[in-house]
There are 2 protein chains.
Amino acid sequence: MSSSRRITLKELARHLGVSTASVSNAFNRPDQLSHALRERILAEARRLGYRGPDAKARSLRTGRSQIVAVLLAESLTYSLNDAVASELLSGIAEVLDAHGHTLLLLSGRQNAAQVPGSSSIADGFIAYGLMPPSLMVSADVPAQRPLVAVDFSPEGYPAVHIDNEPASYAIADHALKSPPLRPAIISLRLTEQPCNGRVTEAHTQLPPEQTITRSRLIGFHRALAEHGIDPAGVPMWNIEENTFEVCAPVIEAILDSPDDERPDLLLCMSDRIALTALTLAERRGLRIPEDLRITGFDGIAEGQYRAPRLTTVRQDSTEKGRIAARMILGLTPSADSLVATELMIGESCP
Amino acid sequence: MSSSRRITLKELARHLGVSTASVSNAFNRPDQLSHALRERILAEARRLGYRGPDAKARSLRTGRSQIVAVLLAESLTYSLNDAVASELLSGIAEVLDAHGHTLLLLSGRQNAAQVPGSSSIADGFIAYGLMPPSLMVSADVPAQRPLVAVDFSPEGYPAVHIDNEPASYAIADHALKSPPLRPAIISLRLTEQPCNGRVTEAHTQLPPEQTITRSRLIGFHRALAEHGIDPAGVPMWNIEENTFEVCAPVIEAILDSPDDERPDLLLCMSDRIALTALTLAERRGLRIPEDLRITGFDGIAEGQYRAPRLTTVRQDSTEKGRIAARMILGLTPSADSLVATELMIGESCP
DNA sequence: CTCGCTGTCTGAATCGATTTAGTTAGGCGC
DNA sequence: GCGCCTAACTAAATCGATTCAGACAGCGAG
């Protein structure tokens, strides 16, 4: 009533004629004071509109904020619209929520204006996606703060990931059981070197910074070789960013090939790529899978909630998120964790 | 080296033999000290591994945290997997990012174990989705803290929204230009009363808590009436939660009707519902749009990146997010804002 | 009666910064 | 040489809590 400013714990204590310690205990450690006093304090707090201890002050004093930061290699805008990242976040959120923690979103690709150090508020970090060490530093991951990595393995930190090579081998192996005439691979960011379109030999010679996509490629190649197809002879296209907009022109170019050169099997490194191919092929009236077979990777919902269903490898990103969150909260010992994958046969490549 | 603990500003100052004020200014107000001293301070900071002022302490002292909280009516798990909410978050993140702020995710449906008051760390709030006042209170939206509402209008706060009634009138009007034999409506959470399936009269008599879906329904009804169809005679089904899993059984039930009772036009209140109908109808071999026409609402990417494309009303959720974020940051005066919608004609209902 | 113990409650230090008011020194004009 | 202004720097209060180390009272045992 009197003051418009929010009332503080100290003022509340003075109103009641008790110490600040008792008020604090009334909110945090009920066993430390008599029932009667506690009730009196809570009643007066309600009366004066005191909402409980201020989070900023509490976190300074205790050193804990109940906040876990997720540091994303890609921009927030991209990540939030990407099904795989969203699933991961959703798994993280589920566990944090259940344990009274909240989620702070941080991007490695943040604006330079970002005040350095502003992230030191988090109790722990979950880093997702391939992040150069420089990014982690500039994003101010404090040296001695707990960090769990997802889908990459920075030295000295526990990581949650899947086994990409066998998984991609498995799906390629499945697809190759009916021998294709003209198989092709559509890959995702093999190197830091920008490349959207047909991959030349030069690109494949570059150092394998992108470990996930590298492993998937190796799996594809192994399956091809085992089926008697020389991987070097299989054409490959690269996609710069895992979005429909960026995929579409590359796919259109592929589909524009003359009929006797057009691939009849597309091994795609992500569901987004595969779904884009599926959509554009259908718009052209190609029959799936008779004229063109397509496989994906990830197992996002969109690929299953459609007709024909996408043949893909499901990785349970939600579960990855749950595991990472449990490690950060200390509910699980922090150690490298391998999540299982599952081959899902849809109508896009039976 | 010596101490494993993180070094503080005060210790850094003592190392250098300068006051803490100067060290603070070296990081925050370069114009307040000589260039030479500043360089000396920053060099020593680097040497000792000081990463800049601690965010917890800074936020306590200044009262600002550079954090904006998004309070979601639904669970985080649901919201992160919902395309509309993700788009909104993505718009918010884009603006916050560009201005050195970060995003804290809070759910109105949070676990009861949530420490009350833990959200008082945020500088401002963006609330999304219909949120009963009680939820906003229990989620501890501080009374005098800035809040912008999206898609609902709590008293005393600015709101960002679209004009639902004319938008849904427009799409129904479009669809009814070819007169349907058996139109039907699939609605989304018209009341707090749980109902997944055929809507009885009782449900429609309930108080209109869900303002958005109510408005959309009124728009549909107005269009029907204008085209000479009695809205009371149009069957309606309700969907409890906007997900494939919850939608699917209801849609299956509708499609199970004998051929001469099965609807030939589905006016759906969301793209998720419409896409579920589209998928399940295709799996049954129904021809779209010859056997069944379907319209959606929202304009999510998934509906456009497919064949046939979904006929829908696009609402630019990303833009809603940007606007809300700008208001919260004070870049734009906080006032109610109406975002335009756009009718998008796809092949699902030409 | 005295000792020690338990249950309540308090005083004061502390977390790590920001910021106001003020001190000091140097430069400049006249 | 004097006064005034500015630039550079500092001392100390403050933000709003948590928590440790007692203080005090009451009570039962010996």
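Throughout, a chain's letter reflects where its sequence line sits, starting with A, and its residues are numbered from 1.
As rounded to whole Å, 17 Å separates atom P of C:dG22 from atom CD of B:Gln32. Rounding to whole angstrom units, NE2 of residue A:His35 and P of C:dC9 are separated by 12 Å. When the C1' atom of D:dG16 is taken as reference, atom NZ of B:Lys56 falls 15 Å away, rounded to whole Å. At whole-Å resolution of the value, CZ in B:Arg14 and P in D:dC9 are 20 Å apart. Going from atom CZ of A:Arg40 over to atom P of C:dT8 covers 15 Å, rounded to whole Å. B:Arg38 has its CZ atom 18 Å from the P atom of D:dA7, to the nearest Å. As a whole-Å value, the separation of B:Ile121 CD1 from D:dC15 P is 18 Å. Rounded to whole Å, the distance from CG on B:Leu60 to C1' on D:dA13 is 13 Å.
In this structure, A:Glu240 has no salt bridge (charged side-chain N to carboxylate O under 4.0 Å, His left out) partners at least two apart in sequence or on a different chain. Listed by chain and number, the residues in a side chain to side chain donor-acceptor pair (under 3.5 Å) with A:Asp123 are A:Ser65 (sequence neighbours excluded). Here A:Lys320 pairs with A:Asp151 under the salt bridge (charged side-chain N to carboxylate O under 4.0 Å, His left out) rule; sequence neighbours left out. Here B:Arg47 pairs with B:Glu44 under the salt bridge (charged side-chain N to carboxylate O under 4.0 Å, His left out) rule; sequence neighbours left out.
For the OP1/OP2 pair of C:dG16 and a distance below 4.0 Å, the side-chain nitrogens and oxygens of B:Tyr50 include no atom meeting the criterion. Contact annotation: B:Ser19 side-chain N/O to D:dT10 OP1/OP2 distance is under 4.0 Å.
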Between protein and nucleotides 18-23 of chain D, map the contacts as a letter string: B base, S sugar-phosphate only, - none, heavy atoms under 4.0 Å, written 5' to 3'. BB----
Identify each donor-acceptor pair in which a side-chain atom of residues 29-43 of chain B lies under 3.5 Å from a protein atom, sequence neighbours left out, and give them as a table.
{"from": "B:Ser34", "atom 1": "OG", "to": "B:Leu37", "atom 2": "N", "distance (Å)": "3.3"}
{"from": "B:Arg38", "atom 1": "NE", "to": "B:Ala26", "atom 2": "O", "distance (Å)": "2.7"}
{"from": "B:Arg38", "atom 1": "NH2", "to": "B:Ala26", "atom 2": "O", "distance (Å)": "3.3"}

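Within 4.0 Å of B:Leu33, counting heavy atoms only, lie sugar-phosphate atoms of the nucleic acid but no base atom.
With contacts defined as side-chain heavy-atom distances shorter than 4.5 Å, the pair B:Asp97/A:Ser75 does not qualify.
Side-chain contact annotation: A:Asn28 with A:Arg58, donor-acceptor N/O pair under 3.5 Å present.
Counting only heavy atoms from C-beta on, B:Ser34 has its side chain closest to D:dC9 among C:dG16, D:dC9, D:dT10.
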